[in-house]
Amino acid sequence: DAGVIQSPRHEVTEMGQEVTLRCKPISGHDYLFWYRQTMMRGLELLIYFNNNVPIDDSGMPEDRFSAKMPNASFSTLKIQPSEPRDSAVYFCASGDRGLDYGYTFGSGTRLTVV
Amino acid sequence: RKEVEQDPGPFNVPEGATVAFNCTYSNSASQSFFWYRQDCRKEPKLLMSVYSSGNEDGRFTAQLNRASQYISLLIRDSKLSDSATYLCVVDSGGYQKVTFGIGTKLQVIP
């Protein structure tokens, strides 16, 4: 298995632009998570899905952020409009057997908003 | 008080040394605990779960102290390859209540 695949690896965009991050979870995993990591706040859960359904989006910072999972093999996280404070590393992770087994992270998207 | 607190370090230790990290948590109802490892500019990876009775995996030992609300990670005979950031993870019930610590950076020096 190729693991959790995220794209792009790096994204540099101007303030006000729309940014779309993509994730392909591990086949068969029924949970998908979006995290954001910064030096100051560490890893923060933004939203997670179970069987393609959003379960908890309380971590989404504001209405500028939205996430979708149209099918079991694809999810997007969109920021519109982007702001410099959104600069961070965004990780997608997937899992299938509960936290006792942990879950697998993708390699992340490093977003810089200038 | 933060839900999960870790000393960010860095901890600089010589090869072969034993080093220990602690992580405190505020929610006494927390149920599951983990240590993840994150290499520089890489994604976090599960290192080990932490069981109530303590558990060991090779040179790594994890322990839980519910009374004092902390978990620990002990690394014996440190290797250069152990250099990384170690993240403490606490599950207080459900995925939305999983909290990652800020991480403790370990640098093993030749």
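All heavy atoms count here, side chains included; hydrogens, waters and symmetry mates do not. Below, chains carry the letters A, B, ... as their sequence lines are ordered, and counting in each starts from 1.
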Task: Which portion of B/Lys42 sits near chain A, non-hydrogen atoms under 4.5 angstrom - done: backbone
TODO: Just say parallel, tilted or perpendicular for the rings of B/Trp35 and B/Phe21, cut-offs at 30° and 60°.
DONE: tilted
Task: Parallel, tilted or perpendicular: ring planes of B/Phe60 versus B/Tyr86, cut at 30 and 60 degrees - done: tilted
If you count heavy-atom pairs under 4.5 Å between each of [options] and chain B, which one has the most?
options: A/Gly42, A/Gly59, A/Gly106, A/Gly108; result: A/Gly106
options: A/Arg41, A/Met39, A/Gln37, A/Met40; result: A/Gln37
options: A/Asn50, A/Leu43, A/Ile47, A/Val89; result: A/Leu43

TODO: May I ask you to test the B/Leu47-B/Tyr36 pair for a side-chain heavy-atom distance under 4.5 Å?
DONE: no
Open item on the list: I'd like to know if the side chain of B/Glu43 pairs up with that of A/Gln6 as donor and acceptor (distance under 3.5 Å, no hydrogens or angles considered).
Closed with: no
